[in-house]
Asker: 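Below is a structure I'd like to ask you about.
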Amino acid sequence: MKILIFTNKTRAIARAAEMIAERIEANPRSVLGLATGGTMLDLYSALVELVRKRGLSFAQVSSFNLDEYVGLPPEHPASYHSYMRECLFSKVDIPPENTHLPHGDADDLYEEAAMYERLIVQSGGIDLQLLGIGQNGHIGFNEPSSSLASRTRVKTLTASTQAANAPYFERPDQMPKLALTMGVGTILDSRECLLVAIGSAKASAVAAMVEGPVTAACPASVLQFHQKATIILDQDAASDLKLRDYYQFVHPEECVEP
Ligand code: F6R
């Protein structure tokens, strides 16, 4: 794992956006695995700015999102389909047919999940998988106790995940209790992972992911088994790491004061 700790959120987000841009420059046909949530809002806005500044094209890029709520049609304002359209897809030149999210309103969710896995394989696999982390250590919506070999499937959201995401809905009781999510095994198959965590609320999950045992109790800890995982943190999210000085010693250029 490559642990990069930045003095503040702005610098951490800027580095993550830079990494994505670098990968697209190196391979314009990149297959991106995309995430949603509050952290990604900032990241996508930094990425869109960078794309404009550099004249970067997404014309040949394709994407697969991690998850979608069960029961929400793509046009629902709180769906991840809508989130992605608003935050990224409408702001870059990615062809809509190159973008993929699981359909949480499919009649047969088991077939939808199997088809999503097939589509990822047919695309050649994910080159760069973006990830956030839940306060309980989830990645995608793989909640604690998720099989570390799991594939795309329906998961029941924990009470803490429901509470964290309810503000995105008009009324808290509209918050879905189920999601269709790529599995931990699906995420592990990606060629590279980039996880971004900001703020002290993520500190204990980050410490469990990086320095704890690999366990289904913290699904993100499985990234210790990933061949190429970069973890981008601000100081607050890194605050519970025991070997923080060591990570900063290895990558000092990431930690200089602005
Ligand atoms: C959603 C997803 C989740 C979020 C995580 C952190 O697509 O993958 O795992 O990344 O819940 O969300 P924020 O950034 O809102 O704290």
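Everything numeric here is computed off the predicted structure, so don't read it as measured data.
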Asker: State the CG-OH distance between D105 and Y69, to the nearest 0.5 angstrom.
Answerer: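 So the CG of D105 and the OH of Y69 are separated by 15.0 Å.
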
Asker: Give a yes-or-no answer on whether the side chains of E143 and N136 include a donor-acceptor pair shorter than 3.5 Å.
Answerer: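 There is such a pair between these side chains.
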
Asker: What is the ring orientation for F141 with Y80, classed by angle as parallel under 30°, tilted 30 to 60°, or perpendicular over 60°?
Answerer: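 Answer is parallel, since the angle falls under 30°.
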
Asker: Is any NZ, NE, NH1 or NH2 atom of the basic residue among D189 and R151 found under 4.0 Å from an Asp or Glu carboxylate oxygen of the other?
Answerer: yes

Asker: Between CD1 of I231 and SG of C193, what distance do you get to the nearest 0.5 Å?
Answerer: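 That separation rounds to 8.0 Å.
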
Asker: How many angstroms lie between atom CG of N27 and atom CD of E25, to the nearest 0.5 angstrom?
Answerer: 11.5 Å

Asker: Taking M209's backbone N and O only, do any of them form a donor-acceptor pair with Q224's side chain (distance below 3.5 Å, no angle check)?
Answerer: yes

Asker: Could you tell me if the side chain of S146 sits less than 4.5 Å from the side chain of H138, heavy atoms only?
Answerer: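 No, side chains not in contact.
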
Asker: Less than 4.0 angstrom from a charged side-chain N to a carboxylate O is my criterion; do R23 and E192 meet it?
Answerer: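 Judged by the 4.0 Å cut-off on N to carboxylate O distance, R23 and E192 do form a salt bridge.
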
Asker: Counting N and O atoms only, with roles assigned by atom type, does the side chain of D93 sit under 3.5 Å from a partner on the main chain of F58, one being a donor and the other an acceptor?
Answerer: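 Pair found, side chain donor or acceptor close to backbone of F58.
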
Asker: Side-chain donor-acceptor pair under 3.5 Å between T186 and E117, yes or no?
Answerer: yes

Asker: Checking Q235 against R11: is there a side-chain donor and acceptor pair closer than 3.5 Å?
Answerer: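 There is no such pair between these side chains.
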
Asker: Are any side-chain N or O atoms of Y83 and backbone N or O atoms of L41, one a donor and one an acceptor, separated by less than 3.5 Å?
Answerer: yes

Asker: Decide whether Y168 and L178 are clustered together by the hydrophobic rule: side chain heavy atoms of Ile, Leu, Val, Met, Phe, Trp, Tyr closer than 4.5 Å, transitively.
Answerer: no

Asker: Under the criterion side chain to side chain contact (heavy atoms under 4.5 Å, CB included), which of V61, L43, V51 is the partner of I20?
Answerer: L43

Asker: Does D173 CG have over 12 foreign heavy atoms under 6.0 Å away?
Answerer: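 Yes, because the 6.0 Å sphere around CG of D173 holds more than 12 heavy atoms from other groups.
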
Asker: Are any of the side-chain heavy atoms of L34 and M84 separated by less than 4.5 Å?
Answerer: yes

Asker: At their closest point, which heavy atom of A12 faces which heavy atom of I198, and how far apart are they?
Answerer: CB-CD1, 3.9 Å

Asker: One pair to check against side-chain contact (heavy atoms from CB on, under 4.5 Å): V214 and F225. What are the steps and the verdict?
Answerer: CA-CA 8 Å; V214 174; F225 277 136; 3.6 Å; yes

Asker: So, T158 side chain and T161 main chain: donor-acceptor pair closer than 3.5 Å or not?
Answerer: yes

Asker: Between H100 and S63 (side chain of the first, backbone of the second, donor and acceptor by atom type, cut-off under 3.5 Å), is there such a pair?
Answerer: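 Answer holds: yes.
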
Asker: Please report the closest heavy-atom contact between K155 and R153, naming both atoms and the distance.
Answerer: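 K155 and R153 have their closest heavy atoms at CD-NH2, 3.3 Å.
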
Asker: Apply side-chain contact (heavy atoms from CB on, under 4.5 Å) to the pair Q60 and S30, showing each step before the final yes or no.
Answerer: CA-CA 7 Å; Q60 299 179 82; S30 289; over 6 Å; no

Asker: Assign the ring pair H81 / H103 to parallel, tilted or perpendicular, where the plane angle (0 to 90°) is split at 30° and 60°.
Answerer: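 The arrangement is tilted - the two ring planes meet at 30° to 60°.
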
Asker: For E97, does the CD atom have more than 12 heavy-atom neighbours from other residues, nucleotides or ligands under 6.0 Å away?
Answerer: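 Result for CD/E97: enclosed.
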
Asker: Side chains of E75 and S82: do they bring a donor and an acceptor to under 3.5 Å?
Answerer: no

Asker: Answer yes when D127 and R191 have at least one side-chain N-carboxylate O distance shorter than 4.0 Å, and no when they do not.
Answerer: yes

Asker: Looking at E18, E49, E22, which hits salt bridge (Lys or Arg N to Asp or Glu O under 4.0 Å) with R54?
Answerer: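 Of the listed options, the one satisfying the test is E18.
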
Asker: Shortest non-hydrogen contact from A197 to A237?
Answerer: O-CB, 3.4 Å

Asker: Should L157 and M175 be marked as a side-chain contact (heavy atoms from CB on, under 4.5 Å) after you check the CA-CA gap, both sets of side-chain angles, and the distance that decides it?
Answerer: CA-CA 10 Å; L157 302 175; M175 172 69 207; 3.7 Å; yes

Asker: Check whether any side-chain heavy atom of V70 sits under 4.5 Å from a side-chain heavy atom of L109, and report yes or no.
Answerer: yes

Asker: Linking I/L/V/M/F/W/Y whenever their side-chain heavy atoms sit closer than 4.5 Å, directly or via other members, would L66 and L180 fall into one cluster?
Answerer: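 Different hydrophobic clusters.
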
Asker: Counting C-beta onward and ignoring hydrogens, is there a side-chain heavy-atom pair between C87 and M40 closer than 4.5 Å?
Answerer: no

Asker: For P219 versus I139, what's the shortest heavy-atom pair and its separation?
Answerer: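 Looks like O-CD1, 3.9 Å.
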
Asker: Hey, any chance I94 and L130 share a hydrophobic cluster, counting ILVMFWY side chains that come within less than 4.5 Å of each other, even indirectly?
Answerer: yes

Asker: Closest heavy-atom contact between G132 and A35?
Answerer: N-CB, 4.3 Å

Asker: S221 side chain to T215 main-chain N or O, any donor-acceptor pair under 3.5 Å?
Answerer: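 Side chain of S221 to backbone of T215: a pair is present.
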
Asker: With side chains defined as the heavy atoms from C-beta onward, is the minimum distance between D42 and V196 less than 4.5 Å?
Answerer: no

Asker: Is K202 reaching over with its side chain to a backbone N or O of I133, donor-acceptor style, under 3.5 angstrom?
Answerer: yes

Asker: Which pair of non-hydrogen atoms, one from M182 and one from N65, has the smallest distance, and what is that distance?
Answerer: CE-O, 3.5 Å

Asker: Heavy-atom distance under 4.5 Å between the side chains of L195 and L223, does that happen here?
Answerer: yes

Asker: Same cluster or not: are M1 and Y246 linked, directly or through other Ile, Leu, Val, Met, Phe, Trp or Tyr residues, by side-chain heavy atoms under 4.5 angstrom apart?
Answerer: yes

Asker: Is the closest side-chain heavy-atom distance between V48 and L88 below 4.5 Å?
Answerer: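 Yes, close enough: below the 4.5 Å cut-off.
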
Asker: Rounded to the nearest 0.5 Å, what separation is found between the CD atom of Q122 and the CE atom of M115?
Answerer: 9.5 Å

Asker: Nearest 0.5 Å, what's the CG-CG distance between D234 and D236?
Answerer: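 Spacing of CG (D234) from CG (D236) equals 5.0 Å.
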
Asker: Please answer whether the main-chain N or O of R171 pairs with a side-chain N or O of Q174 as donor and acceptor at a distance below 3.5 Å.
Answerer: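 Confirmed, Q174 side chain pairs with R171 backbone.
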
Asker: What distance separates L32 CG from T99 OG1, expressed to the nearest 0.5 Å?
Answerer: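 Answer rounded to 0.5 Å: 11.5 Å.
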
Asker: Let me see the working for L194 and Q129 under side-chain contact (heavy atoms from CB on, under 4.5 Å), right down to the final yes or no.
Answerer: CA-CA 6 Å; L194 169 59; Q129 176 66 59; over 6 Å; no

Asker: Keeping S62 on the side-chain end and V31 on the backbone end, is there a donor-acceptor pair under 3.5 Å?
Answerer: no

Asker: Verify the cluster assignment for V222 and L241: are they in a single hydrophobic cluster under the rule of side-chain heavy atoms below 4.5 Å apart?
Answerer: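 Same hydrophobic cluster.
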
Asker: Looking at side-chain heavy atoms only, is the closest gap between V92 and Y44 below 4.5 Å?
Answerer: no

